Colleague: 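Below you will find the structure I want to go over with you.
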Amino acid sequence: MLRGFRWQALALVISVVLFGVVVSFRFLGGEATPDTIAEATSESASPTPSPAPTLTPAPTFTPQPTTVDSVAVPEDTITTFTEGVVGSVQRLNPLLISSQVERDITSLIFQGLVGINEFGEPEPELASDWAFSRDGYEMVVLLRQDILWQDGTPFDVEDVLYTYSLLASPDFPVPEVRAFWQTVEIQRLGNFALRFRLAQPLASFPTRLTMGILPQHALVGTTASGLLEHPFNLTPIGTGAYQLEGLRSVNGQQIDAVDLRVAPTFRQRPEGTAGYLMERMRFRVFTSYELAVNAFVAGDIDGLASRSASDRETLLRLGNATLFTQIEPTVGMLIFNWDEGETTRFFSDSRVRSGLQRSLNRRFPVDTILFNRAVVADSPLRPFFWAYNSTFSYPETDPARAIELFDSANIVLPEDTDFGDVRYQFAILVIDTPAMVGLAQNIASQWSGFELGVSVEAVAPDVYQERLANGDFDTAIVEYQLGADPDVFAYWHPDQYPDGLNYGGVNDTRISEALERGRQTTANLSRVQIYRDFQVQFANQAIAIPLYYPLYTYAVTQDLAGMQLGFISSPEDRFRTLAEWQITTP
């Protein structure tokens, strides 16, 4: 184990020994068992998706005229793919992302130590390899030694140390990110090696290393607060496949287009010597989705992604597009409030929850009301993912078994509880949209056939979120974001109630133990089995009822070849096969 800090003088030698010792316990295939498992209760280490940070607006940008390149080659001779995006661009800095538009563009300019492959697995990017210590508290990362920044400066460990020092700085403007990185100790082991020491074992830690790394030499002396208004934000230098070519504007204030070109430094790397026939990637920024759609129909842009279910329906009506569809990293669940009050304490009984599960035909409302918007869900994890249990069959609708379960439940309610002619009475809380109200009403109608009094409470989004946070609901339909790791501790562990995302106060010992083991076990094969067992227990105990997985669609021009849409952990993953894209028009 590597629990000590008394070897600084021999750091370079020991780093080599260290890596040799732990390499057999690698995250990418080892079967190490931690010596000591610490109880994982820190909210800051949970994979809790955070909303886009609220950042101080960037200084007013006055674009300068841009030439296509230094030799003024006519623009139409450069193979260009133009994508429409909706929103605004203030900064092109991976640490200060405030919109999906900025995330999309910076994903091509910058790279993290770790990337996510087509199966949702972490893979080396700027790192060449990594390994956890046996107890899971430490991770050693080796860096690639053939990387150049886009200005030709060599990449090394100082860039990594500088980037993560900004994230942990007291004046870094995103509290959730800052809080996590302040719990991580980082030690330089050489020019191309470093060690992370964690406050607790965290198997999902490699996915924390996907954030883009900044060049220390271009920002030397810049603090986290100073980074907010630094010129670097609109003159970025990364290590990615594309570098900034130019920013365009019509009115001299708002950025209307961002042009990227394949970086010459990337062409020098093994992965850049072939492919990347799209020499330029142009992002045209629109103020509304309607304007972007019109531009696609007119042939002014070549690609457009859906941002919501209604956007997807719009894309499906396009006649001049090739559509690629994948499951979003989201699951819609019907959750129960285990701790709402005396009159709904029956939700804490697994027989009642299982009865509700067995009495519900989930496929019908999803296939009809959410047609072309979503597919039926059967797990708290997403399918086509390395941790998904494809061998387990979710319990089928069984009305007779549902009645048996309801009859066997032994719930003692207050004497003054009067449900009238029904077994139980409760409401389903949803956001007031036609699709969600229709879904909830269908579910309520199905349950009413089992002597249950079920109503639907449709409220505005802000009221909905407030009631969820306060535990003011009986049942609710909630969408949970699923990241690049199967760790869903934040949603289902009792430590995340009442101040976290475990809105219903789920408290099941077997589920809690599985979630703790899953985030503490760094051996990948062991984690696979843990999460497969977790999914079985989740269904057998009817912790919540999976309803649907929303669909994500990317529309591209019909003459684009080589495009594939695989695992999506975040929308910018649509560019994963960009190296193979090519225009087939003669």
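Computed from a prediction, not measured in an experiment: that's the story for all the values here.
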Colleague: Quick one: are Arg312 and Leu551 in side-chain contact, heavy atoms under 4.5 Å?
Modeller: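 The answer is yes; the side chains approach within 4.5 Å.
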
Colleague: Apply the test salt bridge (charged side-chain N to carboxylate O under 4.0 Å, His left out) to residues Glu328 and Arg307: give CA-CA distance (whole Å), side-chain angles for both, the deciding distance (0.1 Å), then the verdict.
Modeller: CA-CA 10 Å; Glu328 280 189 13; Arg307 304 165 306 155; over 6 Å; no

Colleague: Arg362 side chain to Pro546 main-chain N or O, any donor-acceptor pair under 3.5 Å?
Modeller: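 Yes; at least one donor-acceptor contact below 3.5 Å.
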
Colleague: Apply ring-ring contact (aromatic ring centres under 6.0 Å, His included) to Phe192 and list each qualifying residue two or more places apart in sequence or on a separate chain.
Modeller: none

Colleague: Can you tell me how far apart CG (Leu515) and CD (Gln496) are? Round to the nearest 0.5 Å.
Modeller: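 Going from the CG atom of Leu515 to the CD atom of Gln496 covers 10.0 Å.
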
Colleague: If you look at every heavy atom in Tyr242 and Met278, which pair is closest and at what distance?
Modeller: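 Between these two residues, the closest heavy atoms are OH-O, 2.6 Å.
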
Colleague: Run the side-chain contact (heavy atoms from CB on, under 4.5 Å) test against Pro486 and tell me which residues pass, sequence neighbours left out.
Modeller: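 Residues passing side-chain contact (heavy atoms from CB on, under 4.5 Å) with Pro486: Leu381, Phe385, Trp386, Ala387, Arg527, Tyr531.
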
Colleague: Can you tell me how the ring of Tyr503 sits relative to the ring of Tyr480, calling it parallel under 30°, perpendicular over 60° and tilted otherwise?
Modeller: parallel

Colleague: Could you check whether any side-chain N or O of Arg358 sits under 3.5 Å from a backbone N or O of Pro395, counting only pairs where one atom can act as donor and the other as acceptor?
Modeller: no

Colleague: Are the side chains of Leu108 and Leu578 in touch, meaning some heavy atoms are under 4.5 Å apart?
Modeller: yes

Colleague: Do you know which two heavy atoms are closest between Asp146 and Pro270, and how far apart they sit?
Modeller: OD2-CD, 3.7 Å

Colleague: I'd like to know if the side chain of Gln541 and the backbone of Gln537 have a donor-acceptor N/O pair within less than 3.5 Å.
Modeller: no

Colleague: Phe538 vs Trp492 aromatic rings, parallel, tilted or perpendicular, using cut-offs 30° and 60°?
Modeller: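 Judged by the thresholds at 30° and 60°, the geometry between Phe538 and Trp492 is perpendicular.
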
Colleague: Between Gln535 (side chain only) and Pro380 (backbone N and O only), is there a donor and an acceptor less than 3.5 Å apart?
Modeller: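 The answer is no, because no donor-acceptor pair under 3.5 Å joins these two groups.
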
Colleague: Is Ile213 close to Thr239 at the side-chain level, that is, under 4.5 Å between some pair of heavy atoms?
Modeller: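 Not touching, per the 4.5 Å side-chain cut-off.
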
Colleague: Please test Leu194 against Ile186 for side chain to side chain contact (heavy atoms under 4.5 Å, CB included), starting from the C-alpha separation and ending with a verdict.
Modeller: CA-CA 7 Å; Leu194 68 157; Ile186 308 176; 3.6 Å; yes

Colleague: So do the side chains of Tyr497 and Val506 get within less than 4.5 Å of each other, counting heavy atoms only?
Modeller: no

Colleague: Donor-acceptor check, side chain of Ser204 to backbone of Asp485, threshold 3.5 angstrom: yes or no?
Modeller: no

Colleague: So Tyr554 and Leu304, do their side chains get closer than 4.5 Å, heavy atoms only?
Modeller: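 Counting from C-beta outward, Leu304 and Tyr554 never come under 4.5 Å.
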
Colleague: If only atom types and distance count, is the side chain of Asp159 paired as donor or acceptor with the main-chain N or O of Phe155 below 3.5 Å?
Modeller: no

Colleague: So which heavy atom on Ile109 is nearest to which on Pro236, and how close?
Modeller: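 Minimum heavy-atom contact is CD1-CG, 4.1 Å.
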
Colleague: When you measure from the centre of the six-membered ring of Phe172, is the NZ or CZ of Arg178 closer than 6.0 Å and no more than 45° off the axis?
Modeller: no

Colleague: Indicate yes or no: at least one non-hydrogen side-chain atom of Tyr164 is less than 4.5 angstrom from one of Leu95.
Modeller: no

Colleague: For the atom pair CZ (Arg353) and CG (Leu334), what is the distance rounded to the nearest 0.5 Å?
Modeller: 12.5 Å

Colleague: Would Arg91 and Leu96 satisfy side chain to side chain contact (heavy atoms under 4.5 Å, CB included), going step by step from the backbone distance to the final call?
Modeller: CA-CA 7 Å; Arg91 300 175 179 88; Leu96 301 175; 3.9 Å; yes

Colleague: Please examine the side chains of Leu202 and Phe132, heavy atoms only from C-beta on, and report whether any two atoms are closer than 4.5 Å.
Modeller: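 No, side chains not in contact.
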
Colleague: According to salt bridge (Lys or Arg N to Asp or Glu O under 4.0 Å), who are the partners of Asp378, at least two apart in sequence or on a separate chain?
Modeller: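 Partners of Asp378 under the salt bridge (Lys or Arg N to Asp or Glu O under 4.0 Å) test: none.
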
Colleague: Go through the steps to decide whether Glu513 and Thr509 satisfy the test side chain to side chain donor-acceptor pair (under 3.5 Å), and finish with yes or no.
Modeller: CA-CA 6 Å; Glu513 290 176 352; Thr509 300; 5.9 Å; no

Colleague: Regarding Arg188 and Glu158, does a basic nitrogen lie under 4.0 Å from an acidic carboxylate oxygen?
Modeller: yes

Colleague: Under the side chain to side chain donor-acceptor pair (under 3.5 Å) rule, what do Tyr394 and Gln357 come out as? Steps first, then yes or no, please.
Modeller: CA-CA 10 Å; Tyr394 192 82; Gln357 174 195 63; 3.0 Å; yes

Colleague: Would the distance check show the side chain of Gln150 and the main-chain N or O of Gly238 forming a donor-acceptor pair, the cut-off being under 3.5 Å?
Modeller: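 The answer is yes, because a donor-acceptor pair under 3.5 Å joins these two groups.
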
Colleague: Can we call the ring centroids of Phe205 and Phe196 under 6.0 Å apart?
Modeller: yes

Colleague: Just checking Arg363: does its CZ atom have more than 12 heavy atoms from other residues, nucleotides or ligands closer to it than 6.0 angstrom?
Modeller: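 Open.
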
Colleague: Taking atom CD1 of Ile116 and atom CD1 of Ile568, what is their separation to the nearest 0.5 Å?
Modeller: 12.0 Å

Colleague: Looking at residues at least two apart in the chain, or sitting in another chain, which of them share a side-chain hydrogen bond (donor to acceptor under 3.5 Å, both in side chains) with Asp367?
Modeller: none

Colleague: What's the verdict on side chain to side chain contact (heavy atoms under 4.5 Å, CB included) for Phe336 and Leu356, showing C-alpha distance, side-chain angles and the deciding distance?
Modeller: CA-CA 11 Å; Phe336 307 106; Leu356 293 169; 3.6 Å; yes

Colleague: Closest heavy-atom contact between Ser569 and Arg382?
Modeller: N-NH1, 4.3 Å

Colleague: Do Arg208 and Phe180 form a cation-pi contact, if we require the NZ or CZ to be under 6.0 Å from the six-membered ring centre and within 45 degrees of the ring's axis?
Modeller: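 Here Arg208 passes the 6.0 Å and 45° test against Phe180.
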
Colleague: Applying side-chain contact (heavy atoms from CB on, under 4.5 Å), can you list everything that pairs with Pro383, at least two apart in sequence or on another chain?
Modeller: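 Pro383 satisfies side-chain contact (heavy atoms from CB on, under 4.5 Å) with Ile327, Tyr388, Tyr549 only.
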
Colleague: Between Thr397 and Leu360 (side chain of the first, backbone of the second, donor and acceptor by atom type, cut-off under 3.5 Å), is there such a pair?
Modeller: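 Yes, Thr397 side chain to Leu360 backbone: donor-acceptor pair under 3.5 Å.
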
Colleague: Closer than 3.5 angstrom, by distance alone: can the side chain of Asn389 be matched with the main-chain N or O of Arg532 as a donor-acceptor pair?
Modeller: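 Yes, because the side chain of Asn389 sits within donor-acceptor range (under 3.5 Å) of the backbone of Arg532.
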
Colleague: Given side chains that start at C-beta, do those of Tyr491 and Val331 come closer than 4.5 Å, heavy atoms only?
Modeller: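 No, too far: nothing below the 4.5 Å cut-off.
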
Colleague: Could you please spell out the steps behind the salt bridge (charged side-chain N to carboxylate O under 4.0 Å, His left out) verdict for Glu516 and Arg510?
Modeller: CA-CA 10 Å; Glu516 291 165 9; Arg510 282 165 292 191; over 6 Å; no

Colleague: State whether Tyr548 and Arg373 meet the cation-pi test: NZ (Lys) or CZ (Arg) under 6.0 Å from the six-membered ring centroid, and within 45° of the perpendicular axis.
Modeller: no

Colleague: What's the verdict on side chain to side chain contact (heavy atoms under 4.5 Å, CB included) for Phe81 and Leu560, showing C-alpha distance, side-chain angles and the deciding distance?
Modeller: CA-CA 9 Å; Phe81 185 88; Leu560 179 70; 3.8 Å; yes

Colleague: Check Val141 against Ala127 and note the closest heavy-atom contact, atom names and distance.
Modeller: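 In this case the closest contact between Val141 and Ala127 is CG1-CB, 3.7 Å.
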
Colleague: Which residues pass the side-chain hydrogen bond (donor to acceptor under 3.5 Å, both in side chains) test with Gln268, sequence neighbours left out?
Modeller: none

Colleague: Heavy atoms only: give me the nearest Pro122-Pro206 pair and the separation to one decimal.
Modeller: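 Taking every non-hydrogen atom into account, CB-CB, 4.2 Å.
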
Colleague: Check step by step if side chain to side chain donor-acceptor pair (under 3.5 Å) holds for Gln564 and Glu580.
Modeller: CA-CA 9 Å; Gln564 295 184 39; Glu580 283 78 50; over 6 Å; no

Colleague: Assess whether side chain to side chain donor-acceptor pair (under 3.5 Å) is satisfied between Thr553 and Thr325, documenting all intermediate values.
Modeller: CA-CA 4 Å; Thr553 295; Thr325 296; 3.2 Å; yes

Colleague: Within the side chain of Gln326, is there an N or O that forms a donor-acceptor pair under 3.5 Å with the backbone of Tyr552?
Modeller: no

